[in-house]
2 protein chains.
Amino acid sequence: MLTAQRKALLLDRLHAEGRLVARGLAEELGTSEDTIRRDLRELAAEGLLTRVHGGALPASPTHRPMRERSNMEVSAKQRLGVAGAALIRPGQTVILDGGTTHLALVQALPATLAATIITHSPTIAAALEPFARLEVIVIGGRLMRHSMVALGAATQAGFAAIRADMCILGVTGLHPEAGLTTGDHEEALIKRRMVQSAGETIVLATPDKIGAASAFQIAGLEEARIITTGEPPDWLPRAQHLRA
Amino acid sequence: MLTAQRKALLLDRLHAEGRLVARGLAEELGTSEDTIRRDLRELAAEGLLTRVHGGALPASPTHRPMRERSNMEVSAKQRLGVAGAALIRPGQTVILDGGTTHLALVQALPATLAATIITHSPTIAAALEPFARLEVIVIGGRLMRHSMVALGAATQAGFAAIRADMCILGVTGLHPEAGLTTGDHEEALIKRRMVQSAGETIVLATPDKIGAASAFQIAGLEEARIITTGEPPDWLPRAQHLRA
DNA sequence: CTGATTCGTGCAATATCACGCATAAGCAAG
DNA sequence: CTTGCTTATGCGTGATATTGCACGAATCAG
């Protein structure tokens, strides 16, 4: 049995059964337990599974790809997307942040819209391909894996050289005192720059963001126009609420 | 036993049994193990199989359902993708052009490759999302709709600030006199810049590009390492040709 | 707390690998 | 036919990978 083949089999098995037990596999594959443990250790080092006492479990779901995260709250995201898309008028220049809500916004854009979209998310840019009359500007930089947006000095400089009519911003928390926040420091820096480069800032907020505060502040609540679904809390007086 | 005949037999056997063991094949075919290993090494370089310790496994990318390995025919693009993916060594910095062939290359990348990929194609960048250990640098600019790559002065400047080990370049024509060409002037400018920013240039050419010439020259044939499928024309002496 | 598993590491035996070199076979030009 | 070149092959050698075992530490179950 080839080593690489055995490892592939282990991954297959893990995918099929959800867990691996070292002892049983050693007997089944006719090798020593040490060999199996070594395999599991190496696969774990490659991030392909999580090592536990006695065997292994699937890789931790904490940094799963974005497309799996987009399952939840489909309807709320779609309604927010439609509302956001309606805000973009022909001829405008709009900065569009990354994220699944904004992907839904792209899906809701009219096919013949003629406007300029500026984004630092390759996912968003790729989704804009079918819109023949859109001008799309990509802001480059080092790609952050989790959120799939460009970050760093180059991105900062790219946004600094731009003036847009509107910025549609993604956040992870809206809090009465903390304001608009996000969980990554570098992301916060870029988002702050995006707000500065736009005349108006829009936030499309799913209900789970309301009242939450992440570590790094982007701006105060009063600096953005908030659009959300569900019940309006009393500390969000200016927000626009979509009914279900 | 002719070399080509033996290689064909190896591929047949791999297809039938799902794996190859070097030692057993040497005995069975009455040759030395070195010869078998040499064959496997060469077939791996053509992307037709994956070399592992002790033998070889099918070239099927790891994140594709491995059950259907036997019946699906690999297209020329996929084989070029596999061959191109095999060129990227861990730790390297690689400029990757846009286009469907390079999308196939991304599909063929090993899931745990640790390298730096630089691209001005948001489509390519988005496809790189699942590769946890890749560093991805996006070069920004105005997006050209047809080819979905960033162009313009910002893109030019972005590539100018970079030195990569390798550039995997897309072209629309390879011609004995016109060299490497493309159909858009601005694209040609950027591609020229990409070639200058890399130590080595690779072109993965589908057969329809061979002998074709578009309006704008990027570089001479001799400046790039050409990898293609099908019959080699006599004016492409240095190219590497993948067997069917 | 205690016994039993399981884990990680070091180690040695074996298998496999890549590279260089020499030999032999095939081939084309003279 | 001879010469020179290329290609394929086998072998030696040092390097690398894999495996099983021993042993002490860590972890789990009752």
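Numbers restart at 1 for each chain; the letters A, B, ... are given by sequence-line order, proteins then strands. This one's a predicted model, so the numbers in the text were calculated from it and none came from an experiment.
For DNA chain C, the span of nucleotides reached by chain A at under 4.0 Å from its heavy atoms goes, 5' to 3', from C/dT6 to C/dT9.
Residues satisfying the side-chain hydrogen bond (donor to acceptor under 3.5 Å, both in side chains) criterion with A/D39, sequence neighbours excluded, are A/R6. Contacts of B/T116 classified as side-chain hydrogen bond (donor to acceptor under 3.5 Å, both in side chains), with partners at least two apart in sequence or in another chain: none. A/R13 is linked by a side-chain hydrogen bond (donor to acceptor under 3.5 Å, both in side chains) to A/E28, counting only residues two or more places apart in sequence or in another chain. Considering only residues two or more places apart in sequence or on other chains, B/E27 meets the salt bridge (charged side-chain N to carboxylate O under 4.0 Å, His left out) condition with none of them. For the salt bridge (charged side-chain N to carboxylate O under 4.0 Å, His left out) test, no residue two or more places apart in sequence or in another chain qualifies with B/K209. Listed by chain and number, the residues in a salt bridge (charged side-chain N to carboxylate O under 4.0 Å, His left out) with B/R41 amount to none (sequence neighbours excluded). Evaluation of the side-chain hydrogen bond (donor to acceptor under 3.5 Å, both in side chains) rule for A/E186 yields A/R142 as partners, not counting sequence neighbours.
Sorted by first then second residue, the side-chain hydrogen bond (donor to acceptor under 3.5 Å, both in side chains) pairs that include residues 174-184 of chain B, not counting sequence neighbours, number zero.
Proximity of A/P122 to A/V138: side-chain heavy atoms (C-beta onward) are nowhere separated by under 4.5 Å. In this structure, B/L57 and A/L2 have side chains that are in contact, with non-hydrogen atoms separated by less than 4.5 Å.
Within the helix from C/dC1-D/dG30 to C/dG30-D/dC1, the inter-axis angle between the opening and closing five-pair segments is 40°, rounded to 10°.
Counting non-hydrogen atoms of other residues, nucleotides and ligands closer than 6.0 Å to CZ of A/R19 gives a total of 12 or fewer.
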What pairs of nitrogen or oxygen atoms, one from the protein and one from nucleotides 25-30 of chain D, lie under 3.5 Å apart?
none

Could you run down the sub-3.5 Å N/O contacts of the protein with nucleotides 9-14 of chain D?
| from | atom 1 | to | atom 2 | distance (Å) |
| --- | --- | --- | --- | --- |
| D/dT9 | OP1 | B/T3 | OG1 | 3.4 |
| D/dT9 | OP1 | B/R6 | NH1 | 2.8 |
| D/dT9 | OP1 | B/R6 | NH2 | 3.3 |
| D/dT9 | OP2 | B/T3 | OG1 | 3.4 |
| D/dT9 | OP2 | B/R6 | NH2 | 2.8 |
| D/dG10 | OP2 | B/S32 | N | 3.1 |
| D/dG10 | OP2 | B/S32 | OG | 3.1 |
| D/dG10 | OP2 | B/T35 | OG1 | 2.4 |
| D/dG10 | N7 | B/R38 | NH2 | 2.8 |
| D/dC11 | N4 | B/D34 | OD2 | 3.1 |

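A side-chain donor from one of B/S147 and B/E187 sits under 3.5 Å from a side-chain acceptor of the other.
A/R41 comes within 4.0 angstrom of a base, heavy atoms only. Nucleic acid contact class of B/V21 (heavy atoms, under 4.0 Å, all strands): none.
With B/E200 as the partner, the salt bridge (Lys or Arg N to Asp or Glu O under 4.0 Å) test is satisfied by one option alone out of B/R89, B/R163, B/R225: B/R225.
B/L29 places its CG atom 16 Å from the P atom of D/dA8, with the value rounded to the nearest Å.
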